[in-house]
Amino acid sequence: MEDGLSANRETESLIADAQRLEKRRRLLEQEQDPYPARVARTHTSLQARTALEAWEQNPEGEAPRVAVAGRLMTERVMGGSTFAHLMDGAGRIQIYLRRNVLGEETYNALRRATDIGDIIAAEGSMFRTRTGEATISVTSAGLAAKSLHPLPDKWHGLTDVEARYRHRYVDLLVNDEVRQLFRQRAATVSAIRQYLDGEGFLEVETPILQPIYGGAHAKPFVTHHNQLDQDLYLRISFELYLKRLIVGGYDAVYEIGRDFRNEGVSYKHNPEFTQIEFYEAYADYHDVMRRTEEMVAFVAEKVLGTTRISYQGTEVDLAPPWHRRDLRQAIAEETGIDVEGYRDVDSLYRAILDLGGHPEPKPTVGKLVDYLIEAYVEPKLVEPTFLMDYPVEISPLAKRIPGSDGWVERFEGFVAGMEICNAFSELNDPVEQFDRFRAQGRDFEAGDEEAHQMDADYLLALSYGMPPTGGFGMGIDRLIMLLTDRASIREVLLFPHMRSL
RNA sequence: GGGCCGCUAGCUCAAUUGGCAGAGCAACUGACUCUUAAUCAGUAGGUUACAGGUUCGAUUCCUGUGCGGCUCACCA
């Protein structure tokens with residue numbers, strides 16, 4: 001008995017409102033199942049509305065009868081008659097219950113048993129109210145699932161950001177625009193697939209658990225396989241596996257999936273994020289630029305119906321062609337520093353200090369160039385722009401520009417000051433790749449924890465011969481931020497990472 | 001990790017100089033048979049994030065902790 005009581009108290013504090021828990025108990029007492037195994041449904045809210053419209057066009061016989069089910073969102077009770085709105089996946093529909101239609105007992109029992117938030121099944125015939133709203137005149141109704149927790153304020157909704165992220169289901173329930181946003185997210189991913197499939201790319205899946213991580217400059221998460229007693233890394237990119245597939249003879253492959261990077265969280269970083277990478281044989285980075293602007297414009301057109309977007313108050317047109325800016329020139333224009341003149345760390349570091357910058361103390365030349373890009377160039381790249389030709393030090397997997405010793409055929413795409421993608425002509429000379437890995441090894445020794453690891457099997461793959469190949473990677477979350485005008489990556493992730501409570 | 005700000009009923013928010021912790025929605029009881037933020041009358045609902053301190057008395061002032069937001073740093 002005492003155990004039952006304390007268990008009840010625990011349930012109450014954890015998942016339920018005391019009054020509703022009591023209602024559930026009363027229903028069970030009356031042998032009415034608050035969670036029936038199934039309810040009959042013939043129409044969604046949208047189908048019901050459409051059925052009424054069709055009948056109104058050609059009104060023969062009785063008005064259409066429908067059985068719908070959905071969450072009770074609002075209720076307006078006027079004694080013997082009640083209006084309410086049910087919400088299902090297609091939208092909302094009004095139902096109308098009357099005492100003299102349902103009968104005194106049924107009507108009162110329904111009113112007593114149901115609360116806002118409950119899932120209700122209702123059957124009746126369609127009609128239009130005096131104000132013109134398609135409505136179901138209900139002849140029978142019942143509980144489909146009891147809700148034990150009150151919904152947020154029907155007018156103000158749920159606005160507390162932490163509550164919205166931690167309990168996303170409530171956010172989705174009461175905030176229509178959030179539900180809409182994640183439909184747009186799905187449409188974005190679908191449009192990317194549609195574009196690449198249409199261009200002859202093969203969608204593949206490669207390992208998330210990797211013995212050697214690589215393909216990006218980032219710290220990994222580490223996990224462990226118990227039986228094999230083997231440490232494994234959660235992938236930080238798909239790159240090295242996808243290029244093995246190009247070696248294997250596929251001309252064009254892509255993967256859409258999750259990457260994991262063990263870094264700080266911010267308005268544009270989540271520990272896990274969704275990435276698209278594609279690789280195309282016999283393409284170079286110029287081809288990839290054309291494909292990028294074409295693909296992003298295609299996706300925007302599919303999802304928004306236009307390539308003109310507004311991001312945080314800035315109007316931008318994603319239609320090709322995008323601007324192309326030489327990285328070295330862009331840095332020189334924005335800072336007066338020609339990186340070519342400072343090939344050693346100390347002189348470049350001092351030049352940046354003179355400029356008033358605060359880069360971290362013991363970086364590599366590459367890190368300093370990165371710093372210059374982020375601090376001085378990136379904020380200026382409002383119109384869609386490809387920043388092209390990067391220093392080899394920070395691009396260990398990219399092909400050198402013919403006739404140049406320090407620069408590679410690489411570009412990053414920027415829109416509204418935000419970096420959205422990174423691509424290059426792939427380095428396919430296994431000997432040079434070996435040297436680049438060794439240089440990365442020296443960076444690692446020098447304290448760069450994110451320097452690329454030596455991957456012997458990848459080198460072996462390259463040594464079988466990889467055709468000239470263009471590769472591309474884009475953070476899908478950031479693209480969705482752009483398309484849906486959200487300032488934070490957490491707004492476009494259904495379940496963003498949160499600290500444990 | 002640094003700085004700033006926030007945390008009060010299920011939700012959205014008040015609370016004067018440190019003086020009985022309140023409203024609207026949701027819930028409950030009642031009135032009301034075309035309402036749509038329905039309306040009207042009433043009831044119940046609180047460890048004021050948590051732990052300390054100052055004080056006759058703390059939602060309010062102080063210290064610490066937790067969580068969150070913004071920002072800087074980090075971050076391909």
Side-chain angles (χ1 to χ4, degrees), chain A residues 12-13 15-23 72-85 92 94-102 107 111-112 114-117 127-133 135 137 147-167 170 174 215-219 236-237 239 259 261-271 273 275 358-360 363 366-367 369-371 373-375 378 387 390 394-398 410-413 419-424 449-450 452 473-475 487-488 490 496 498-501:
Chain A
E12 197 178 297
S13 64
I15 60 169
D17 172 84
Q19 287 172 319
R20 295 193 179 206
L21 207 55
E22 173 60 18
K23 283 191 179 184
L72 185 64
M73 299 303 285
T74 63
E75 213 179 18
R76 293 168 294 283
V77 184
M78 293 154 296
S81 91
T82 297
F83 282 94
H85 274 104
R92 293 187 185 204
Q94 184 166 255
I95 59 175
Y96 181 44
L97 302 103
R98 293 206 299 166
R99 184 180 281 146
N100 60 2
V101 170
L102 289 162
Y107 182 84
R111 292 251 37 258
R112 260 200 307 279
T114 57
D115 295 302
I116 288 178
F127 75 107
R128 214 167 270 282
T129 61
R130 208 165 53 193
T131 53
E133 180 166 354
T135 302
S137 178
S147 169
L148 298 183
H149 215 85
L151 249 36
D153 188 291
K154 70 183 169 192
W155 187 244
H156 299 95
L158 184 68
T159 59
D160 180 78
V161 179
E162 182 174 359
R164 286 183 47 232
Y165 297 159
R166 286 192 192 273
H167 311 292
V170 184
V174 298
H217 203 211
K219 285 176 233 168
I236 57 172
S237 86
E239 173 144 1
D259 271 341
R261 296 188 184 173
N262 207 338
E263 292 158 357
V265 297
S266 77
Y267 71 95
K268 54 179 181 176
H269 294 87
N270 197 65
F273 61 99
Q275 175 95 334
H358 306 283
E360 60 172 309
K367 288 252 172 192
V369 172
D370 245 2
Y371 174 83
I373 297 169
E374 282 180 33
E378 200 171 311
L387 208 54
Y390 279 64
I394 54 171
S395 314
L397 301 163
R410 171 183 172 189
F411 73 86
E412 291 185 312
E419 180 203 329
I420 62 165
C421 65
N422 177 28
F424 35 88
E449 285 180 78
E450 296 159 354
H452 211 289
M474 175 169 67
S488 165
R490 310 183 128 207
M498 303 290 278
R499 222 179 273 263
S500 302
L501 287 178

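Each chain gets a letter, A, B and so on, in the order the sequences are listed, and its residues count up from 1.
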I need the full list of salt bridge (Lys or Arg N to Asp or Glu O under 4.0 Å) pairs touching residues 148-159 of chain A, with sequence neighbours left out, sorted by first then second residue. none

Given [options], which nucleotide is nearest the side-chain atoms of [X]?
X: K154(A); options: rG10(B), rC13(B), rA38(B); result: rA38(B)
X: R20(A); options: rC11(B), rA27(B), rU33(B); result: rA27(B)
X: T129(A); options: rA27(B), rU35(B), rU12(B); result: rU35(B)
X: R98(A); options: rU33(B), rU35(B), rA27(B); result: rU33(B)

Rounding to a whole Å, what distance do you find between [X]:[atom1] and [N]:[atom2]?
X: E22(A); N: rA44(B); atom1: CD; atom2: P; value: 18 Å
X: W155(A); N: rG10(B); atom1: CH2; atom2: P; value: 24 Å
X: H85(A); N: rC34(B); atom1: NE2; atom2: P; value: 16 Å
X: R111(A); N: rA31(B); atom1: CZ; atom2: P; value: 11 Å
X: N262(A); N: rG1(B); atom1: CG; atom2: P; value: 13 Å
X: L72(A); N: rA26(B); atom1: CG; atom2: P; value: 11 Å
X: L151(A); N: rA26(B); atom1: CG; atom2: P; value: 11 Å
X: I116(A); N: rC25(B); atom1: CD1; atom2: C1'; value: 9 Å

Distance-only, no hydrogens or angles: does the H452(A) side chain make a donor-acceptor pair with backbone N or O of G215(A) under 3.5 Å? yes

Kindly indicate, with the supporting measurements, whether the criterion side-chain contact (heavy atoms from CB on, under 4.5 Å) is fulfilled by Y390(A) and F424(A). CA-CA 10 Å; Y390(A) 279 64; F424(A) 35 88; over 6 Å; no

What distance separates [X] [atom1] from [Y] [atom2], expressed to the nearest 0.5 Å?
X: R499(A); Y: R166(A); atom1: CZ; atom2: CZ; answer: 9.5 Å
X: E412(A); Y: I373(A); atom1: CD; atom2: CD1; answer: 6.0 Å
X: E378(A); Y: L387(A); atom1: CD; atom2: CG; answer: 9.0 Å
X: Q94(A); Y: M73(A); atom1: CD; atom2: CE; answer: 14.5 Å

With [atom1] as the reference atom in both, quote the distance from [N] to [M] in angstrom, rounded to an integer.
N: rG46(B); M: rG2(B); atom1: P; answer: 37 Å
N: rC20(B); M: rC25(B); atom1: C1'; answer: 26 Å
N: rC62(B); M: rA21(B); atom1: C1'; answer: 22 Å
N: rC32(B); M: rG42(B); atom1: C1'; answer: 16 Å
N: rG24(B); M: rA9(B); atom1: C1'; answer: 12 Å
N: rC72(B); M: rC56(B); atom1: C1'; answer: 46 Å
N: rU16(B); M: rA37(B); atom1: C1'; answer: 31 Å
N: rG52(B); M: rC70(B); atom1: C1'; answer: 29 Å

Could you say whether L158(A) or A84(A) is positioned toward the 5' end of RNA chain B, judged by the nucleotide with the nearest heavy atom to each? L158(A)

Name the residue closer to the 5' end of RNA chain B, choosing between T74(A) and T114(A) according to the nucleotide with the nearest heavy atom. T114(A)

Kindly check if the number of other-residue, nucleotide or ligand heavy atoms within 6.0 Å of OH (Y267(A)) is above 12? no

Does the rG24(B) base have a donor-acceptor partner in the side chain of D153(A) within less than 3.5 Å? yes

On a plain distance test, is the side chain of E133(A) in donor-acceptor contact with the base of rU35(B) below 3.5 Å? no

Flag the pair K268(A) and E374(A) as a salt bridge only when some basic side-chain nitrogen lies within less than 4.0 angstrom of an acidic carboxylate oxygen. no

[X] near the nucleic acid: base, sugar-phosphate alone, or nothing, with a heavy-atom cut-off under 4.0 Å?
X: V77(A); result: base
X: G157(A); result: sugar-phosphate
X: N100(A); result: base
X: F127(A); result: base

I'd like to check the side-chain contact (heavy atoms from CB on, under 4.5 Å) partners of T82(A); sequence neighbours left out, ordered by chain and number. E75(A), V77(A), L97(A), Y107(A), R111(A)

Tell me, please, which residues at least two apart from R490(A) pass side-chain hydrogen bond (donor to acceptor under 3.5 Å, both in side chains). none

Excluding sequence neighbours, so at least two apart, what forms ring pair (Phe, Tyr, Trp, His ring centres under 6.0 Å) with H156(A)? none

Its contact letters, B for base, S for sugar-phosphate only and - for none at protein heavy atoms under 4.0 Å, make nucleotides 66-76 of chain B read -SSS----SBB

Base-pairing string, 5' to 3', of RNA chain B - Watson-Crick or wobble, under 3.5 Å, | interstrand: (((((((..((((.....[..)))).(((((.......))))).....(((((..]....))))))))))))....

Determine: side-chain N/O of R76(A) to OP1/OP2 of rA38(B), distance under 4.0 Å, yes or no. yes

